[in-house]
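Below, read A as the first sequence line, B as the second, and so on, with proteins coming before strands; counting in each chain starts at 1. Bear in mind that the values here come from a model prediction, so they are computed numbers and not experimental data.
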There are 2 protein chains.
Amino acid sequence: MIATALNVSAATVSNALAGKGRISAELIDRIRAKADELGYVPSSAARALRTGHTRVLGLVLPDISNPLFPQIAQAIEYAASASGYGVLIADSRGSVAMQTEAINRLIERDVDGIVIIPRLGTRIVDIGRPLAVIDSPSTPNSTVSADHWQGGQLVMEHLAALGHQNFVLIGNNPASNVQNDRIGGMKSRVPAGGKAEILWIEQHEQAHGKASPLRLAEKVERGATAFAAVSDLHALRALTELQNAGIAVPGRASVAGFDDLAWSAMITPALTSVRMDVATIARIAIDALLCAIEADTAADATRGVVSAETTSVPMTLVARQTTGVLTAPTHPEKTPAGEPA
Amino acid sequence: MIATALNVSAATVSNALAGKGRISAELIDRIRAKADELGYVPSSAARALRTGHTRVLGLVLPDISNPLFPQIAQAIEYAASASGYGVLIADSRGSVAMQTEAINRLIERDVDGIVIIPRLGTRIVDIGRPLAVIDSPSTPNSTVSADHWQGGQLVMEHLAALGHQNFVLIGNNPASNVQNDRIGGMKSRVPAGGKAEILWIEQHEQAHGKASPLRLAEKVERGATAFAAVSDLHALRALTELQNAGIAVPGRASVAGFDDLAWSAMITPALTSVRMDVATIARIAIDALLCAIEADTAADATRGVVSAETTSVPMTLVARQTTGVLTAPTHPEKTPAGEPA
DNA sequence: CTGAAAGCGCTTACAG
DNA sequence: CTGAAAGCGCTTACAG
């Protein structure tokens, strides 16, 4: 320890810097001064070895194809660093096997806990340390998530209020709990007398070939006026396909999505979307983790998944296409601040 | 050390597991067996304390608004973990001040080196450990980057081959080296007799208000037939605005971008784009870092930024709008594999 | 071929 | 109020 040599004391420095033990104010000041004069940075390795805690968390993410990744990763990193924790990332790109491997890499690095957004259909096993799962409330062992079902209700209520009756709900993969919740919520709010057809893109592409058109123009001809996708990504695909077919949006059809991605407000027309409160979700996940980590320290009891019941965080509608097809909108919609590039 | 108690030896285990020292093959086998029977994971903290290396790298990224973030972060993480290193992320969201703070957080965590994608106009100072900068070849101290200039030439050559003569080049911020390189490359290949106008979105919005239309239809009326943006993000904005104005793409105008984002191939019409080879860039950055880290270990000489000259990695054109406006295409374009959701 | 010893830089009781 | 001592779990020379 550098400060030792330069002053009088030994590991009083540790106490001084940590505010532990009773040290005279004057000495503390002198030590502090010396410390940042020398640019002293305590060795985290030594500290970790001694205390048994690295103050590093792991973040395991499914493949990047989900463009929500940056939002949530940023939120997690922010929440963690606000609590003095670092975040080690581990992309489980590819397979479920890679997810397991990613987790092992984190364990080898002695993370104090792990936040995981699991791959589809993965059941996370006991990991020997605290774990917070972010997925959907329908996923067993999920710790926290957006209330995707309620989010689905929000879009559908909004579209119904604009006078729509004939919906196409667009999803990618029926095996996804998140997507099913969103679509379930939408269906639960289809207005009386209205109809909603579900289009699963993956199935469509298996039948018609990769990246083939979704044939949405045909749906419009058969009466559909509103397209609600489980992601802005699919909403964008729908929007451009409609536009390209000469169908005016929102003139002849409305398009809505989920997640309020970076470009959703920038395109023409801007997409109506539903967004999750990533900051709150991250905060809850991190808090749950830290709480379990402390419990681990105190008694060695509380291991494994953080909490049995999922906390659901409400989602928010961002209404950007407020012109109805059949009916003029009668109530003012909430409009959020714009999103620059 | 657990294995000790269960066998006969002491810290021979260390040597056995590491393959150092000369241990009998038989003993090594027995130790290995015991080790994974007990699920033994060596303490990285203790090892770091002893060896002086954490085998963790830091990754500092500018604000998420750049949708290239996931691609590059994934590539870095992949390259690092392939070399046995972990990656601690630090989002420098917000200001330059936060970037400095992010770097400090990483230093406190004892990373062996840092990969940074610096914020606009930031000059990175000496950090006391190896540093790799990913930016543009025009940025001083940049270690590795895509050859944005050449990428610009690729799009322009492609558009010119389709018969275009009248271009609108769309950028966001003229202070960005990356954007300037891309636009510079484009301008350098405008065909003889052709003309190119530059539209800087940030300036446009300062003049006309946030998220205001880019008035591209007017440009088409005045003869523009090709819109080339420095990012697929802006290309998307242009595309939707044109389509919304009833201008057929690619019938009456072509739209091209950069970075080949996840959705670029999925929209209608798909965007022609130029992509960087993120895997190679990440590999070069990581290799440079590891090399400097080893040098650090051997002699304490080579500190600071990894290499004086920037390595430029060529970009690749992904041609998806191959129909010319004035001329039918005469040469076959390269078409890449499609990009599923 | 294998073991005993020292030490990486901290923190945490425990004496003074 | 401050210091001396032990120990976290490894690895690395160095003896046997």
message: So, applying side chain to side chain contact (heavy atoms under 4.5 Å, CB included) with A:D181, which one of A:S145, A:S312, A:S136 is it?
response: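 Of A:S145, A:S312, A:S136, side chain to side chain contact (heavy atoms under 4.5 Å, CB included) with A:D181 is met by A:S136 alone.
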query: When A:I76 is tested against each of A:L57, A:I134, A:I117 for side chain to side chain contact (heavy atoms under 4.5 Å, CB included), which residue passes?
result: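 When side chain to side chain contact (heavy atoms under 4.5 Å, CB included) is applied between A:I76 and each of A:L57, A:I134, A:I117, only A:I134 qualifies.
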So if I take every side-chain heavy atom of [X] and compare against [options], which nucleotide ends up nearest?
X: B:A46; options: D:dG9, C:dG9, D:dT11; result: D:dG9
X: A:R47; options: D:dC8, C:dT11, C:dC8; result: C:dT11
X: A:S43; options: C:dT11, D:dG9, C:dC10; result: C:dC10

- prompt: Looking at side-chain heavy atoms only, is the closest gap between A:I281 and A:M276 below 4.5 Å?
  reply: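 Sidechains of A:M276 and A:I281: in contact.
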Taking atom [atom2] of [N] as reference, at what distance in whole Å does atom [atom1] of [X] sit?
X: A:L49; N: C:dG9; atom1: CG; atom2: P; result: 12 Å
X: A:R50; N: C:dT11; atom1: CZ; atom2: C1'; result: 5 Å
X: B:R55; N: C:dC8; atom1: CZ; atom2: P; result: 22 Å
X: A:H53; N: C:dT11; atom1: NE2; atom2: P; result: 14 Å

- request: Tell me the partner of C:dG16, counting only Watson-Crick (N1-N3 plus N6-O4 or O6-N4) or G-U wobble (N1-O2 and O6-N3) with both under 3.5 Å; none if nothing fits.
  value: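 Base partner found: D:dC1.
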field: Charged N-O contact under 4.0 Å between B:R47 and A:E108
entry: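 Salt bridge flag = no for A:E108 with B:R47.
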- request: For D:dG9, take OP1 and OP2 only and decide whether either is under 4.0 Å from a side-chain N or O of B:Y40.
  value: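 Checking D:dG9 against B:Y40, no side-chain N or O comes under 4.0 Å of OP1 or OP2.
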